[in-house]
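Below is one structure, written out as structure tokens, with a few remarks after it.
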Amino acid sequence: MQGIDIIPFKKKYLPLFQEYIHTAFHRKYILAEERFLDWQYGRSGKLYLALHDGQIVGHLGHRDFFYKVYDQRQQIRVVMNLFSLERYHRTGVGPLLSRKVFDTPYQVLVSGYNNAAQQLYAHLRENWQEAGNLDRFVAVFNPTHPFLKSYKIPISSQKSSKQESQISIQDISKPDKALAESLDAFWKEVRGRYPVTIERTADYLWWRFFSHPYLKYSFFVATREEKIVGYLICRSEEAEGCPVARIIDFVADASAERPLLWHFWERMQGNHAVADFIFSGPLYRGALKDSGFSDVRGTEFENFPIRFNPVSYEKFIINIAYDISAPLRDFYITKADSDQDRPNPH
């Protein structure tokens, strides 16, 4: 279609963008919130708009992150939020937006994409690959909760939760400069456990979790002799009366894996019906099983909702695609990556 322009979002377009979002989704959809837009696309990100006859008809955004890719440090472009109005699906809006975002020397990663996006992105990068789906582990705290009545509870065995005497766990509510310095030092020591993953510097953690404009995260830090040896970040969601505890990020040396998961279990079980952790890579599986979690593969919990507020039964996986030269088994990706963990008031 002639007359479609792709332009970067600017504050002067906010009222027009909000009107478009309210019409295309609903009035509480999070992308209409200025604070969220500033947070998600500020600094190293950008949101592009498709305009036709002065009206917004589609959008696509990205944010660039530093990743550890084996022995290198690379910038990776993470793509977010491809959408066009239904009546423009066959007019080239999606390809125009995608070409704009993919026009970068950086390699590109996308998660939680749909079939239309996958078919489109595959034409834009020579080495594009559908890498697979993130794995999911679930712990059931309250098997009699009405929300779980249609699920056969997986059998799990929790081994002794006796905490290693040299490790202590703290709940951090007010991060400070000293914590930032300690987290940076810890990441330098532990990053070798993860062949391919986002660089979890203190700067990244502050942006992603501590300065989030809407979501409140719990931050558990494990220390040994006053040095950080691991942390676990989680948050709570509730829908239809079912409170769910979700591990969003988890980084630890081998000695701190189980103490952090046991601490998470003790802190969450009294107020939640179920917990989950969605991730890729071989780490943590033994510790998760020892802590009462079960792999959902082959169980009815493969169809337990990922999206709450409101509950969605449309998609039960987080799929990953990219043009990075690495198999998904070498990646450590969690629900914190991309835009799969975000507020969705309804």
Side-chain angles (χ1 to χ4, degrees), residues 20-33 36 40 57-61 78-90 93-94 97-98 109-122 130-138 140 145-152 154 214-215 235-248 272-280 294-322 328 333-346:
Y20 151 77
I21 289 293
H22 293 160
T23 301
F25 298 93
H26 52 78
R27 297 200 65 81
K28 293 185 179 180
Y29 193 70
I30 197 63
L31 273 185
E33 297 293 331
F36 185 80
Q40 179 155 292
V57 299
H59 67 273
L60 178 61
V78 178
V79 178
M80 308 173 185
N81 304 128
L82 175 62
F83 180 82
S84 64
L85 297 177
E86 186 175 358
R87 64 182 180 274
Y88 285 86
H89 283 183
R90 299 181 180 274
V93 169
L97 284 164
S98 300
L109 181 147
V110 62
S111 69
Y113 55 90
N114 58 29
N115 291 335
Q118 172 56 22
Q119 293 173 12
L120 176 56
Y121 296 158
E130 292 185 63
N133 306 328
L134 300 188
D135 294 318
R136 191 181 196 188
F137 278 67
V138 165
V140 178
H145 193 283
F147 192 86
L148 304 178
K149 64 182 179 181
S150 61
Y151 298 92
K152 183 179 180 180
Y214 292 95
L215 297 180
R235 73 178 183 92
S236 298
E237 289 187 284
E238 183 170 342
E240 299 181 17
C242 181
V244 178
R246 309 205 115 141
I247 298 175
I248 305 300
H272 298 82
V274 65
D276 70 357
F277 182 34
I278 302 172
F279 67 104
S280 67
S294 299
D295 191 333
V296 303
R297 283 180 295 183
T299 76
E300 293 179 2
F301 275 84
E302 283 186 314
N303 296 323
F304 189 78
I306 289 178
R307 298 174 181 174
F308 271 55
N309 299 325
V311 173
S312 172
Y313 293 95
E314 293 182 358
K315 191 169 185 177
F316 301 100
I317 60 168
I318 296 178
N319 46 353
I320 306 295
Y322 48 71
L328 186 58
I333 297 174
T334 74
K335 206 166 183 281
D337 291 81
S338 189
D339 64 339
Q340 297 304 299
D341 174 57
R342 68 181 186 187
N344 187 30
H346 196 283

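Remember, it's a predicted structure, so these values are computed and weren't measured experimentally. Heads up: numbering here begins at 1 and tracks the sequence.
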Partner of Val138 under side-chain contact (heavy atoms from CB on, under 4.5 Å), chosen from Val244, Val296, Asp295, Ile278: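 For Val138, the side-chain contact (heavy atoms from CB on, under 4.5 Å) check succeeds only for Val296.
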
Which atom of Leu120 lies closest to which atom of Ser98, heavy atoms considered: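 Taking every non-hydrogen atom into account, CD2-OG, 3.0 Å.
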
For the atom pair [atom1] ([X]) and [atom2] ([Y]), what is the distance rounded to the nearest 0.5 Å?
| X | Y | atom1 | atom2 | result |
| --- | --- | --- | --- | --- |
| Met80 | Ser111 | CE | OG | 8.0 Å |
| Glu300 | Leu148 | CD | CG | 11.0 Å |
| Arg136 | Arg297 | CZ | CZ | 13.5 Å |
| Ile333 | Leu328 | CD1 | CG | 5.5 Å |
| Leu215 | Phe36 | CG | CZ | 8.0 Å |
| Ile306 | Asp276 | CD1 | CG | 7.5 Å |

Aromatic ring proximity Tyr121/Tyr113, centre distance under 6.0 Å: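 Here the rings of Tyr113 and Tyr121 have centres that are no less than 6.0 Å from each other.
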
Aromatic ring pairing His26/Tyr29, orientation class (parallel under 30°, perpendicular over 60°, tilted between):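 Rings of His26 and Tyr29: perpendicular, over 60°.
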
Those residues that, when tested against Ile317, pass side-chain contact (heavy atoms from CB on, under 4.5 Å) (two or more places apart):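 Partners of Ile317 by the side-chain contact (heavy atoms from CB on, under 4.5 Å) criterion, ordered by chain and then number, come out as Asn133, Lys315, Asn319.
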
With sequence neighbours excluded, residues passing side-chain contact (heavy atoms from CB on, under 4.5 Å) with Phe316: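 For Phe316 the side-chain contact (heavy atoms from CB on, under 4.5 Å) partners, ignoring immediate neighbours, are Asn303, Tyr313.
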
Derivation of the ring pair (Phe, Tyr, Trp, His ring centres under 6.0 Å) call for Phe137 and Phe277: CA-CA 5 Å; Phe137 278 67; Phe277 182 34; 8.1 Å; no

Residue pairs passing the salt bridge (Lys or Arg N to Asp or Glu O under 4.0 Å) test where at least one lies in residues 236-245, sequence neighbours excluded: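 Qualifying pairs: Arg235-Glu237, Glu237-Arg246.
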
